[in-house]
Trainee: 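Below is one structure. I have some questions about it.
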Amino acid sequence: MQELIEILEELHPEIDFAECEDLVDGKILDSFDIVTLVAEINEHFDVAIPVGELIPENFNSVAALWALIERLDEE
Amino acid sequence: MKKRMICVMVCLMAAICLLFCACGGGKDSKEGSTQPSAETSGHTFVYKDTKMVMKAEAAPVLATLGDAKSYTEAASCAFDGLDKTYYYGSFYLYTYPDGDIDRINMVVLCDDTVATAEGISIGDSKDKVESIYGADSYNGVNAYVLNSGETSLTIIMENDQVSSIQYAAVFD
Amino acid sequence: MKKRVFPIIIITVLITAALFFFLQALLIPKHMSETKEGAMIREYYKNAGGNEVVFIGDCEVYENFSPVTMWEEYGITSVIRGSAQQMIWQSYYLLEETFKYETPDVVVFNVLGMLYDTPKSIGDSSKQEAYNRMTLDDMRWSKLKIQSINASMTDEEREKGGIWNYIFPILRYHDRWNDISKEDFQYLFHRDQVTDNGYLMQVGVNPVKDEYPRIPLVNYEFGDTCYEYLDKMRILCEEHDCQFVLVKAPSLSPVWYDEYEEQVESYAEEHNLLYFNFLEHLDEIGIDWNTDTYDQGLHLNVYGAEKMASYFGQILSVECGVEDKRQDVALTALWESKTETYQQRKAKLEAEKQEE
Amino acid sequence: MAFTSVNFLIFTGILIALYYILPHKIQWIILLVGSYVFYFFAGPRYLAFLLFTTITTYLGILLMFRKNHSAAEYLQQHADYSKAEKKAYKAKVKSSNRAILIVVLVLNFALLFFCKAMLVEPIRSSMQGNGTLSFLTLGLPMGLSFYMFQSMGYLIDVYRQKAEALTNPFKLALFTSFFPQLVQGPISQFEDLKETLFTEHSFDRRQVAFGLQRMLWGFFKKMVIADRIAVAVQELKGSEYTGFAFFILVVFFAIQIYADFSGGIDIAIGVAETLGIRLPENFLRPYFSKNVAEFWRRWHVTLMEWMKRYIFYPITVSKPMLNLSMKAKKKLGRFGMRLPIYIGSLLTWLATGIWHGFNLHFIVWGLLNCFVIVISEELTPLYQKFHGRFAFSNKRGYDVWQIIRLFILINLIQVTDLFENVGEYFRKVFSLTYTFNYHVLWDGTMTKLGLNTADYVILLVGVVLMFLVSVLQRKGSVRKQMQKIPRILRYVILIVLLFAVILFGSYGIGYNASAFIYNQF
């Protein structure tokens with residue numbers, strides 16, 4: 001999870017990701033960021049996030065995103 | 001801060017718009033003030049180098065044609081402006097009012113001293129008309145009707161001879 | 001608290017409606033100082049009832065026959081239901097409406113209407129729309145008005161709002177907010193009388209100068225629609241036990257071709273109708289084109305219209321048997337006041353002309 | 001039946017009455033019938049297109065639903081399967097679903113493609129040559145691209161198992177045809193719309209009032225502002241207007257398209273609201289954006305969202321792209337890693353351009369947008385440095401500058417819409433740099449555009465009003481804010497707005513435009 005936060009902080013150094021819960025709805029992450037994230041996650045965790053999972057609920061907080069990664073890793 | 005921004009924007013827009021208004025004192029422009037040209041108006045009657053293009057402003061044409069042999073005018077019920085008819089011996093020129101100016105509405109040839117640009121005049125034979133304008137334009141009863149651009153050219157036949165040639169503006 | 005809301009809403013709706021109709025009344029053109037032709041249809045309802053003769057048609061009736069003169073000379077009570085560029089279907093619906101208000105002995109129809117077969121016949125669609133409004137706006141609401149509107153609308157009218165423009169004239173005239181004048185306030189809820197029983201008086205003189213050209217036409221035949229409505233008018237008159245008379249007013253333009261004349265004559269013959277072409281009787285009537293027209297022979301002025309009334313009144317009383325009503329006390333009183341108004345109007349217009 | 005017609009108002013009135021009077025259980029059926037009646041008035045022959053999309057979508061969804069259902073049962077029966085076996089089975093199901101999806105998508109987009117292509121002259125005339133295609137060559141069926149996008153989005157969501165599958169064909173028919181959004185959107189997502197579309201609604205006076213108010217505001221924007229300024233825009237398109245006159249065109253066009261499009265959307269959302277149905281917002285005060293990317297998150301939101309979900313994401317996170325990203329990163333660093341994003345953006349903008357029409361100028365429009373977004377994205381680090389160094393750039397005044405800059409930039413791009421001749425467009429843009437004819441403002445040119453002084457005054461008031469409403473919107477719903485002012489005052493405002501639309505709206509048979517008698521005296 002720490003690794004994930006580091007990836008995020010590289011994108012937006014000014015945000016406190018551990019606290020924030022509206023990353024998408026609050027317009028912090030735009031679509032470019034999300035695609036970059038998917039690529040980074042693919043590289044770091046070897047998890048391919050399917051396009052159907054690119055919905056705000058999965059990206060609004062670090063916890064949600066981490067849960068998604070773990071779930072996909074399970075499958 | 002917010003208020004100031006709003007003020008700035010409002011003032012800016014007000015200034016722009018006021019500029020528009022301040023100079024907007026003139027009268028409305030008339031639509032359709034563009035002059036139709038001979039190229040786009042189809043068949044055109046030419047008399048001694050004067051082109052009579054349908055819907056074109058009549059004043060310059062009338063000036064070059066000089067005094068008419070006779071003149072009549074007709075008002076339509078309730079409307080201002082007059083439909084005018086000028087007779088020049090070998091043809092009639094009709095105008096219609098469009099705001100403050102008159103425009104050419106119709107030209108009717110009356111004798112064989114004048115001819116269409118393609119060379120048809122009153123008294124010519126059916127064969128000659130068809131050789132120039134084709135048989136397709138025959139309306140099946142008594143006339144050849146050619147529509148092109150703003151003009152319709154009507155050649156009325158009587159006993160297989162041309163009895164009348166009329167150029168008229170086309171309105172939709 | 002909750003209970004109070006609904007009365008407020010209802011009051012608001014009422015105020016809005018009142019405002020709507022007030023603005024509508026304000027924006028409708030009044031036709032009082034200009035284009036008086038637009039006020040004529042409304043005026044009929046004041047003159048309705050008790051007329052022996054009803055004229056139907058366009059400017060060739062409302063400019064060429066003076067009902068007051070016919071009363072003065074023959075005791076004939078008549079009214080003109082004319083309007084500018086009245087299309088033949090409009091004439092028909094006006095006639096049908098007229099029979100709701102009175103039972104005339106004779107209906108006179110001017111046959112110029114036979115030339116215009118569709119709303120497109122007069123060419124300029126915006127002009128046609130303006131004419132439609134002048135004929136239709138002030139007709140009272142009935143099935144007939146709706147039918148007349150449906151028959152009359154131009155393509156543009158149908159596209160842009162259709163009949164709603166007539167039901168709520170504000171939809172048509174809303175753009176006039178910038179042209180509102182004193183007249184619009186002055187005549188919010190009433191109108192002045194602009195005609196004398198449908199006759200629109202003109203006192204100007206503008207003599208005929210040259211002959212109107214008779215250029216050959218491709219087609220002289222009246223359209224099917226025109227025949228259809230002419231038939232309907234004829235049958236309607238039959239049903240109401242009323243004589244249907246055709247006339248051609250003495251107007252030099254639009255040119256009346258022999259081919260037109262033949263068609264009307266054969267129609268009249270076929271249906272046993274009286275038909276008078278006054279163009280053929282100019283000398284008998286006494287029309288002098290130097291003094292009796294205000295627009296070079298298109299329409300007669302009041303002097304011509306009086307001659308015309310005097311000539312036609314004779315025909316109506318002799319050939320059509322229209323009664324002299326001058327024995328009727330009530331009618332006499334009514335028509336005497338009409339005559340007075342007429343004479344005053346004539347004097348006033350003549351005085352105005354003198355000043356010019 | 002256009003939104004701005006008496007017929008539409010009457011239609012809506014009757015529908016609302018029936019909707020609340022008849023049993024609430026059948027409300028959605030009333031909407032379905034109403035929607036088809038509405039579409040029937042647009043042209044009966046176009047119903048075939050709507051039915052085609054509805055039926056193909058329905059079949060696709062039904063087949064996928066059945067497949068998933070039987071797959072779930074199968075897996076339950078074979079609970080002893082190993083993880084790998086389950087995975088293989090699921091993949092099999094998925095690929096068969098994918099086949100269904102592709103068939104339906106291809107069928108529908110082929111139709112859309114064909115219809116759009118038919119609007120382009122050379123293609124149309126060459127196809128019409130044999131004279132058999134007259135049925136399809138009568139112009140684009142009303143709202144085709146909107147309802148098709150909405151249905152296809154839903155279909156894809158079902159495939160992705162992110163939306164519930166509707167098995168009732170009539171409910172699906174309502175979803176694809178719901179009349180307020182049929183003409184020009186907004187494009188709804190099924191999961192949002194189903195919350196209110198199929199549920200029962202009892203009459204709520206305030207909700208209906210809110211809906212009507214929103215409609216009124218939409219009518220005002222569309223009829224008083226957009227339709228009025230349209231005359232001048234049409235005139236200013238002419239080739240003789242260059243330089244500053246072109247700049248005026250850009251500003252006027254900006255006003256026109258915003259007032260027109262967002263006004264239409266206000267009407268659509270308002271009508272839905274009177275029925276208790278919530279449609280998504282399509283415009284979020286777009287002209288207050290500070291950069292192009294932000295603008296496109298606030299303008300025609302639902303279309304851009306659709307493009308993102310169903311075109312941009314699938315391209316950028318596809319396996320080949322992720323691989324490309326990894327490889328390129330090694331060679332080109334940060335830029336390389338972002339390569340898929342740029343490819344995705346380019347394709348998405350091309351698709352958006354083509355969606356608007358098969359014309360070069362729409363493609364240019366898409367490319368310009370893409371170009372500006374990518375450039376500013378690449379320059380972001382530079383901007384951040386700039387803001388760090390210069391404190392003034394973080395002040396309010398600088399925000400205003402950014403907003404004005406964006407307004408001009410974006411509308412320079414938007415105005416391509418008016419010029420089918422792309423060369424003409426660029427000629428005019430470049431004339432801005434060398435033709436300084438500011439005198440058009442006072443030499444009488446402005447009054448020759450078909451607008452008179454009174455029109456300009458109305459436009460001024462209208463635009464200021466639009467601006468103020470947008471400012472108020474930052475604090476939430478304007479209508480809710482209006483609830484706080486005294487009732488009487490509120491009613492007066494609404495009545496004034498109503499009569500402003502009736503009197504000052506540009507509708508009907510033009511009193512000015514026609515040669516009606518009163519003008520001639």
Side-chain angles (χ1 to χ4, degrees), chain C residues 2 4-6 8-9 11-13 15-20 22-24 26-27 29-31 33-35 37-38 84 124-134 153-165 167-181 183-184, chain D residues 1-2 4-11 41 205-206 208-209 212-213 216 219 223-224 227-228 231 450-458 483 486-521:
Chain C
K2 239 198 155 160
R4 277 196 191 159
V5 173
F6 275 99
I8 294 177
I9 289 177
I11 289 168
T12 312
V13 169
I15 290 174
T16 310
L19 208 59
F20 179 86
F22 169 80
L23 283 171
Q24 179 159 292
L26 184 68
L27 288 164
K30 307 301 182 291
H31 300 289
S33 51
E34 290 165 347
T35 55
E37 289 86 344
D124 187 332
S125 72
S126 62
K127 254 190 192 180
Q128 179 56 49
E129 194 263 343
Y131 285 133
N132 281 346
R133 301 301 309 202
M134 288 197 280
M153 280 190 288
T154 62
D155 291 347
E156 196 194 5
E157 285 185 273
R158 275 177 222 282
E159 247 165 60
K160 296 182 178 172
I163 198 164
W164 294 108
N165 289 317
I167 294 173
F168 298 116
I170 195 172
L171 299 180
R172 171 63 184 86
Y173 297 116
H174 65 99
D175 275 0
R176 277 194 78 229
W177 57 270
N178 206 14
D179 302 325
I180 290 296
S181 66
E183 184 179 287
D184 290 301
Chain D
M1 199 160 25
T4 54
S5 67
V6 181
N7 288 342
F8 178 73
L9 290 180
I10 290 172
F11 167 81
F41 275 108
R205 186 169 56 77
R206 175 170 294 189
V208 173
L212 294 176
Q213 288 171 25
L216 181 59
F219 284 125
M223 295 166 80
V224 179
D227 291 351
R228 171 166 273 105
V231 182
L451 300 177
N452 59 25
T453 315
D455 289 318
Y456 282 113
V457 172
I458 291 172
Q483 291 296 109
R487 186 182 292 276
I488 299 295
L489 187 62
R490 197 162 76 228
Y491 285 178
V492 168
I493 292 174
L494 291 172
I495 290 174
V496 168
L497 200 61
L498 173 69
F499 283 104
V501 173
I502 293 175
L503 289 187
F504 306 136
S506 295
Y507 64 87
I509 297 162
Y511 200 84
N512 294 325
S514 84
F516 204 39
I517 12 188
Y518 312 93
N519 288 350
Q520 300 192 354
F521 279 104

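Every chain is numbered from 1 and lettered A, B, ... according to where its sequence line falls, protein lines coming before strand lines.
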Trainee: Under a 4.5 Å heavy-atom cut-off, does chain C meet the side chain of Leu494(D), its backbone, both or neither?
Mentor: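 No part of it gets close to chain C.
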
Trainee: Using a 4.5 Å cut-off on heavy atoms from C-beta on, say whether the side chain of Leu498(D) contacts that of Phe20(C).
Mentor: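 A side-chain contact is absent here, since even the closest heavy-atom pair is not under 4.5 Å.
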
Trainee: Shortest non-hydrogen contact from Tyr507(D) to His174(C)?
Mentor: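 Result for this residue pair: O-NE2, 3.0 Å.
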
Trainee: Mind checking the CZ-CG spacing from Phe499(D) to Leu23(C)? Nearest 0.5 Å is all I need.
Mentor: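 Phe499(D) CZ to Leu23(C) CG: 5.5 Å, rounded to 0.5 Å.
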
Trainee: For Glu159(C), which atoms come within 4.5 Å of any heavy atom of chain D: side chain, backbone, both, or neither?
Mentor: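 Neither part.
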
Trainee: Measure across Tyr491(D) and Thr12(C) and return the closest heavy-atom pair with its distance rounded to 0.1 Å.
Mentor: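 Residues Tyr491(D) and Thr12(C), closest heavy atoms: CD1-OG1, 3.1 Å.
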
Trainee: Side chain to side chain contact (heavy atoms under 4.5 Å, CB included), that's the test. Do Leu9(D) and Trp164(C) meet it? Break it down for me.
Mentor: CA-CA 12 Å; Leu9(D) 290 180; Trp164(C) 294 108; over 6 Å; no

Trainee: Select, from Leu171(C), Asn178(C), Ile9(C), the one with the greatest count of heavy-atom pairs under 4.5 Å involving chain D.
Mentor: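 Most heavy-atom pairs under 4.5 Å with chain D: Leu171(C).
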
Trainee: For atom CZ of Phe8(D), decide whether the heavy atoms of other residues, nucleotides or ligands shown that lie under 6.0 angstrom number more than 12.
Mentor: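 Buried by this count: over 12 neighbours within 6.0 Å.
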
Trainee: If you compare all heavy atoms of Leu503(D) against all heavy atoms of Asp175(C), which two are closest, and at what distance to 0.1 Å?
Mentor: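 In this case the closest contact between Leu503(D) and Asp175(C) is O-OD1, 4.3 Å.
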
Trainee: For chain C, which of Ala2(D), Gly505(D), Ala209(D) has the most heavy-atom pairs under 4.5 Å?
Mentor: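 Result: the option with the highest number of such pairs is Gly505(D).
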
Trainee: Determine whether Trp177(C) and Ile458(D) make a side-chain contact, defined as any pair of heavy atoms from C-beta on separated by less than 4.5 Å.
Mentor: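 Yes, at least one pair of side-chain atoms sits under 4.5 Å.
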
Trainee: So what's closer than 4.5 Å to chain D heavy atoms on Ile167(C): side chain, backbone, both or neither?
Mentor: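 Neither part; nothing is under 4.5 Å.
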
Trainee: By a 4.5 Å heavy-atom criterion (distance strictly below it), what part of Ile502(D) contacts chain C: side chain, backbone, both, or neither?
Mentor: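 Both parts, heavy atoms under 4.5 Å.
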
